[in-house]
Asker: 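The following block contains the structure, expressed as structure tokens.
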Amino acid sequence: MAFLCFIYYMKEKPLPLLVFLVLLQTTFLFGQSVEKTVKFDQNYVETPLPIVLEAIENQSEIRFFYKEEWGIEAFLVNGKKGEDALETIKNLLNTYGFSIVPYRDLLVLVNQEGLEAYRYEQWDEDDLNLKEYQLIGTGKPENSNLPVTLTGQIKDAGENEALIGASIQVVDSSEGVVTDLDGNYELSIIPGKYKLLVQYAGYEPKSIDVQVINSGELNVELFNETLKLEEFTITARSQDVSVSEKIAGREILDIAVIRSLPTFMGEVDPIKSLISLPGVSSVGEGTSGFNVRGGDPGQNLVMMDGAIVYNSSHLFGFFGAFNSDLIRDVEIYKGGGPANYGGRVSSVLNVNLRNGNSQGIDVQGGIGLISSRLLVEGPLKKDKTTFLLSGRTAYPNWMLKQMKDPDLYQSAAGFYDVNFKINHIIDDKNVLTFSSYLSDDNFEFASDTAYVWKTKLGILKWAHRFSNKFLMQTQVVASDFQSDIRNTQESYDFDYSSGILNYQGKVDFSYELGTAHKVDFGVSSLYYAFNNGDFNPGSENTTAEEIHIPEEYALESAIYLNDEFVISSKASLVYGIRVSNYLALGGSYYDFDPNRPRSNASVTDTLSFGSSEVAKSYIGFEPRASFRWLVTPSSSLKVSYYRTNQYIHLISNTAAISPVNYWKSSGYNLSPSIADQYTVGLFKNWKDNLFEISVEGYYKNTQQVVDYKNAASILLNENLDADLIQGEGRAYGVEFLLRKNRGKLTGWLGYTYSRSLRRFDESPFEEEKINGGSFFAANYDKPHDLSLVMNYKVSRRFAMNLNFAYSTGRPITVPVSKFQYEDILSVLNFSDRNQYRVPDYHRLDLSFTLKSGLKKEKAIDGEWVFSVYNVYGRKNPFSVYFTQRGNAFQLSVLGSAFPSISYNFKL
Amino acid sequence: MRQSYIIALLLILTACIEPISFETGSEPRRLVVDGFISNISFAEQSLKPAPPRRFYVAVRWSSEVDNVLDEVISDASVTLISSEGESFGYFWDEGEQRYLIRDASFHAEENVDYKVRVVSSDGKVYESDTDKLHPAPEIQEIDVDYKTILKSISVGNQTEIVEQRGIQVSVPLEAHGGDEYHYRWKIVPSWIFETSLLEDGHPNKRCYVTNLYEYQSISVWEDKAGGYNRDLFFLETDDNEQVQYGYSTLITQYSLSPEGYEFWDQLATQQQSGGGIFDPPPFSLITNIHNVNDPEEAVSGFFYVAHESSYRWKLNPEDLPYQLTFMDACEPMPGVPFIPPPGCMNCLDYRGTHTDNTNQQPIWWDEY
């Protein structure tokens with residue numbers, strides 16, 4: 001079945017021509033082929049340069065841009081047909097003090113001769129060219145051989161908001177940093193003359209010539225790309241970040257990259273796009289959650305603007321939980337991350353939202369066949385307060401009505417989500433932010449059963465600057481996830497609910513100690529209320545009885561200290577410790593006879609705790625360290641170790657997250673999971689960061705992972721503790737990545753070889769072991785995982801994107817023999833758990849983007865995106881099931897090519 | 001189970017289903033013991049409107065997954081042992097291909113533990129754990145509710161959604177205090193089949209058909225306090241030839257021990273779930289059979305003791321509050337080469353070997 005999905009984006013925004021005019025020092029961009037010769041196709045006599053440039057544009061792929069105020073129409077070209085056009089133009093420009101310089105793999109014309117030649121230079125007081133540079137600092141440095149500190153903030157020039165993860169680099173060197181959560185950066189640099197390059201995806205890069213005299217400040221404003229000259233970079237990462245990044249396992253995917261990936265039905269899903277990175281995988285299409293380095297989906301800490309999100313998708317995983325219009329970037333730490341993060345053993349994922357536009361009211365949106373969205377943003381008080389309000393809703397019911405299944409035919413589905421964010425700058429030392437999110441999913445099944453999931457988040461953040469070196473951020477967060485199943489059928493009516501509610505208070509400090517140390521420290525406290533299941537029959541329903549699984553409460557507190565220590569220009573060490581404390585409060589627990597396997601029959605006592613009574617307490621010491629050694633300016637070696645404790649467990653005995661899963665506290669019978677992860681990686685960039693290659697190996701051991709006994713029931717199980725078993729998880733792997741950052745062809749090839757194994761052998765009882773206590777493959781163990789992402793710009797208007805994914809089939813348990821029992825001809829004996837695999841997964845997606853004309857002033861800036869998901873119609877097994885007779889069938893969710901068209905435009 | 005079903009359905013949006021096979025290699029065969037006893041003796045059962053049945057123990061070998069009938073073991077020695085020190089021998093019955101207790105009056109007694117012992121011809125001794133009666137209120141009646149549901153049917157290559165009238169059959173469970181009851185119900189339908197190709201009075205025109213395998217889904221229920229109805233099955237009436245001339249079904253209720261219930265509950269779970277990503281991992285069922293001298297030997301099956309009661313429900317088409325019309329499967333369609341379906345020439349051949357057919361009206365047919 002093929003759906004054509006037309007999605008319209010509307011964006012009302014005056015074309016900021018000014019933005020373009022004050023952009024880079026770049027004036028002309030030649031086509032990608034630097035060596036290419038273009039010859040005049042006619043004679044030119046005293047012809048104004050712009051006319052000649054336009055003729056060359058028409059004749060070749062080379063494109064020119066220039067600042068009108070430079071008056072280059074006064075430059076008159078004389079040339080004969082057949083002459084080398086570029087050479088003639090170069091000579092002409094040279095006479096006016098302009099020149100052509102190589103800029104990455106392009107030829108760039110600059111209006112000041114010789115800029116390209118700048119290299120490291122010692123500061124010289126007598127430098128005649130001093131006046132041509134922006135001066136940083138005053139006076140004389142104490143020692144011109146020691147670095148001074150360049151600090152500042154990188155902001156969006158249009159919306160005046162800080163850009164997180166923007167990079168500022170010293171051109172032709174490996175020096176460079178990325179801005180922090182407030183858009184601030186700090187760069188240690190030896191006094192001298194430099195060309196700095198400031199970049200952020202989706203924004204025009206800016207190069208700034210500076211003369212650093214002493215420590216000082218440089219604030220930079222970047223402009224949103226208003227003309228699609230060339231997407232120099234598709235990521236928020238600076239191009240050498242893989243080499244220079246001090247924290248092993250950190251990756252940032254910018255929204256521009258996320259949008260460039262081919263989508264399923266035109267729905268951009270930031271979390272799904274992470275799966276193209278090595279070390280991140282999922283169990284299949286239409287599933288929510290993701291797996292990082294052999295961990296299960298419940299081991300990922302997913303946060304939106306700092307608030308924990310417990311449900312990262314809509315409608316069983318077909319739609320992302322986050323509206324891509326609001327997202328600035330997605331940052332993932334594979335492993336525990338620095339010491340300021342804690343609570344999950346596999347990964348930390350930050351979905352960072354942008355602030356509202358401070359310059360004027362802006363409306364944008366999209367209307368699609370399945371979902372629509374609208375976003376309003378603007379200033380409430382000029383230069384002080386901005387707001388952003390967005391909503392999204394889905395209406396897939398018409399699709400369900402096409403279904404030939406009676407239950408689906410009678411079903412109804414939908415969701416909505418709303419984001420609201422206010423950013424208020426009190427003064428230059430204090431900023432207040434309030435961000436909230438509301439999401440509601442409703443799936444009415446067969447007209448009588450309704451599944452409802454709700455997420456409510458609220459975050460209040462106060463950022464305070466004591467000094468340029470000492471910052472504080474205080475956050476108060478409330479996060480609530482509730483899942484409900486309701487039946488409205490007469491005499492069968494019931495309401496089942498489960499959920500998790502938490503309140504969090506957090507204070508983080510950041511202090512810069514000289515130029516070598518950046519110390520982060522803080523304290524956080526997280527209060528949980530767990531609803532592990534509540535079943536209430538309706539008044540008409542006399543069949544069923546009320547079941548109430550006692551609530552659990554908990555308080556998870558932590559203090560941490562983290563130091564980013566620049567040992568030398570080559571070596572850096574980010575190390576820290578997190579000390580966490582977990583108090584399981586309340587709940588009702590069973591004591592079991594230690595001489596028998598845990599079951600209802602082996603209960604010896606029942607213990608009930610009041611909601612403020614400590615049932616069990618745990619303390620965790622979680623050291624973290626990440627060492628980076630710059631072997632050369634373009635290559636590095638990184639070694640890291642992370643220990644992380646996870647105190648809450650996602651109760652799910654299925655391969656993918658399902659709506660009946662819920663979160664449960666560690667407690668009297670259930671211990672926290674503790675993970676130790678070791679990594680070592682080599683990172684190498686070539687050709688001025690044009691290519692990067694990396695290989696990173698990891699080994700992760702997790703104690704007390706949770707699994708389930710055979711035939712365990714997780715729903716409304718009053719004695720769930722007896723059905724849970726804890727054991728050892730062992731994951732290891734090697735991740736390879738080859739990336740090309742610039743040029744007509746950009747993209748990456750990632751390959752991971754990994755294993756994720758589990759062993760449950762601690763109990764003396766056979767019932768509490770899995771597979772007799774041997775190691776076995778976890779549900780999401782996929783040894784080979786390959787992804788290829790390519791973006792090829794055929795011309796400035798036309799681009800192609802390709803995404804290919806391959807992975808080993810996931811493990812399953814299959815019947816190996818059968819027997820007759822009573823009148824049942826086939827009762828199946830199954831293999832040990834996860835001893836077989838479903839067929840391998842592979843899929844190719846393509847998308848083509850055609851942009852509207854390149855004129856600078858046009859009413860609508862639009863683009864058509866045609867994308868085909870699963871181009872060659874691979875029937876990937878979503879699940880494999882067995883009939884009672886043991887016959888196996890595979891169900892492919894998307895067993896054919898799946899095209900979609902969308903049109904995006906800005907007004 | 002329903003949750004996973006829903007999600008699987010939602011994902012059928014664009015789905016396709018194909019067979020797949022796994023190289024499972026050679027799994028060593030296991031001994032399987034299948035048997036039960038109840039409080040109703042053969043003699044007492046014979047008075048009920050039900051086919052006679054003797055208490056049995058079947059001993060077989062497990063087989064490859066796609067096999068149908070397993071190899072039986074006919075040379076074992078099988079004994080029932082009670083906690084009262086009694087033992088009852090089973091005897092091989094060639095017709096039933098299993099071991100039977102010949103004593104027609106034997107039945108399980110309350111408060112007595114029973115276990116079964118199987119000694120194979122090579123001297124291996126297998127025993128079950130003990131089990132005993134857990135009496136529960138007997139099934140006395142059923143309730144019927146006329147309903148219309150939607151179902152999908154295939155017409156040519158197309159799937160269509162149609163309304164289907166039928167009867168929801170449920171069993172009332174009395175309110176009670178004390179311990180919970182663990183029930184299992186077994187539904188065995190019988191109906192009349194008539195062929196229009198044979199003249200009235202022909203002995204093979206009308207047959208009484210019983211199908212043990214009609215309701216394969218296992219109905220189990222843990223009842224904590226009672227006072228409500230438990231749905232058993234939905235009988236479709238539109239286009240259902242079973243209700244054309246007369247329909248009758250035997251509902252047997254077994255009250256089980258918690259262990260017996262666990263086995264049947266696991267069996268029900270296994271029969272309903274597969275290897276989907278929203279399904280819990282499949283598993284091999286518990287067994288209460290073990291090799292006395294070698295606990296490591298993998299053995300399958302279960303021996304249980306049930307408190308049994310039964311109820312026969314009969315439906316005549318004229319009892320329905322609406323009129324039914326039926327297509328005659330034995331009538332040739334004009335212009336189409338006609339090969340009469342099995343049964344049209346002789347009702348005993350109806351449905352091949354899938355049903356028990358007789359042209360003699362069972363004695364219980366009109367009495368109940």
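Order of the sequence lines sets the chain letters (A, B, ...), proteins ahead of strands, with each chain counted from 1.
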Asker: If you count every heavy atom of other residues, nucleotides or ligands that lies below 6.0 Å from B:Glu180 atom CD, does the total exceed 12?
Answerer: yes

Asker: For the atom pair CD (A:Glu822) and CH2 (B:Trp264), what is the distance rounded to the nearest 0.5 Å?
Answerer: 4.0 Å

Asker: With chain B as the partner, which of A:Val838, A:Asn710, A:Val827, A:Asn829 has the greatest number of non-hydrogen pairs under 4.5 Å?
Answerer: A:Asn829

Asker: So, B:Tyr228 and B:Asp223: side-chain donor and acceptor under 3.5 Å apart, yes or no?
Answerer: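 Present: a donor and an acceptor within the cut-off.
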
Asker: Between A:Asn779 and A:Arg810, which heavy-atom pair has the shortest distance, and what is it?
Answerer: O-CB, 3.6 Å

Asker: Could A:Asp840 and A:Lys782 be called an ion pair, given the rule that one side-chain N must be under 4.0 Å from one carboxylate O?
Answerer: no

Asker: Search all heavy atoms of A:Phe819 against all heavy atoms of B:Ser300 and return the closest pair with its distance.
Answerer: CE2-CB, 3.5 Å

Asker: Below 4.5 Å from any heavy atom of chain A, which atoms of B:Tyr56 appear? Answer side chain, backbone, both or neither.
Answerer: side chain

Asker: Between chain B and each of A:Ile824, A:Leu828, A:Asn834, A:Ile714, count heavy-atom pairs under 4.5 Å; write down the option with the most.
Answerer: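 Top option by heavy-atom pairs under 4.5 Å: A:Leu828.
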
Asker: Hey, are B:Asp131 and B:Asn288 close enough side-chain-wise for a donor-acceptor pair under 3.5 Å?
Answerer: no

Asker: Identify which part of B:Val32 has an atom lying under 4.5 Å from any heavy atom of chain A, answering side chain, backbone, both or neither.
Answerer: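 B:Val32 touches chain A through side-chain heavy atoms alone.
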
Asker: Heavy-atom cut-off 4.5 Å, strictly under: side chain, backbone, both or neither for B:Arg30 against chain A?
Answerer: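 Contact with chain A is through the side chain of B:Arg30 alone.
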
Asker: Counting C-beta onward and ignoring hydrogens, is there a side-chain heavy-atom pair between B:Glu96 and B:Arg98 closer than 4.5 Å?
Answerer: yes

Asker: With a 4.5 angstrom heavy-atom cut-off, is it the side chain or the backbone of A:Tyr821 that approaches chain B, or both, or neither?
Answerer: both

Asker: For each of A:Asp823, A:Asp832, A:Leu825, tally heavy-atom pairs with chain B at distances under 4.5 Å, and name the one with the top tally.
Answerer: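 Sorted descending by pairs with chain B, the first entry is A:Asp823.
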
Asker: Heavy-atom distance under 4.5 Å to chain A: side chain of B:Tyr215, backbone, both or neither?
Answerer: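 Contact with chain A involves no heavy atom of B:Tyr215 at all.
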
Asker: Around atom CD of B:Glu174, are there more than 12 heavy atoms of other residues, nucleotides or ligands at under 6.0 Å?
Answerer: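 12 or below, so no.
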
Asker: Check each atom of B:Ala225 against the heavy atoms of chain A and say whether the ones under 4.5 Å are side chain, backbone, both or neither.
Answerer: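 When you check distances to chain A, atoms from both the backbone and side chain of B:Ala225 fall under 4.5 Å.
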
Asker: Identify which part of B:Leu69 has an atom lying under 4.5 Å from any heavy atom of chain A, answering side chain, backbone, both or neither.
Answerer: both

Asker: Go through the atoms of B:Gln266 and report whether side chain, backbone, both or neither lie under 4.5 Å from a heavy atom of chain A.
Answerer: side chain

Asker: Examine whether an atom of B:Val188 lies under 4.5 Å from a heavy atom of chain A, and if so say whether it belongs to the side chain, the backbone or both; otherwise answer neither.
Answerer: neither

Asker: Check each atom of A:Val814 against the heavy atoms of chain B and say whether the ones under 4.5 Å are side chain, backbone, both or neither.
Answerer: side chain

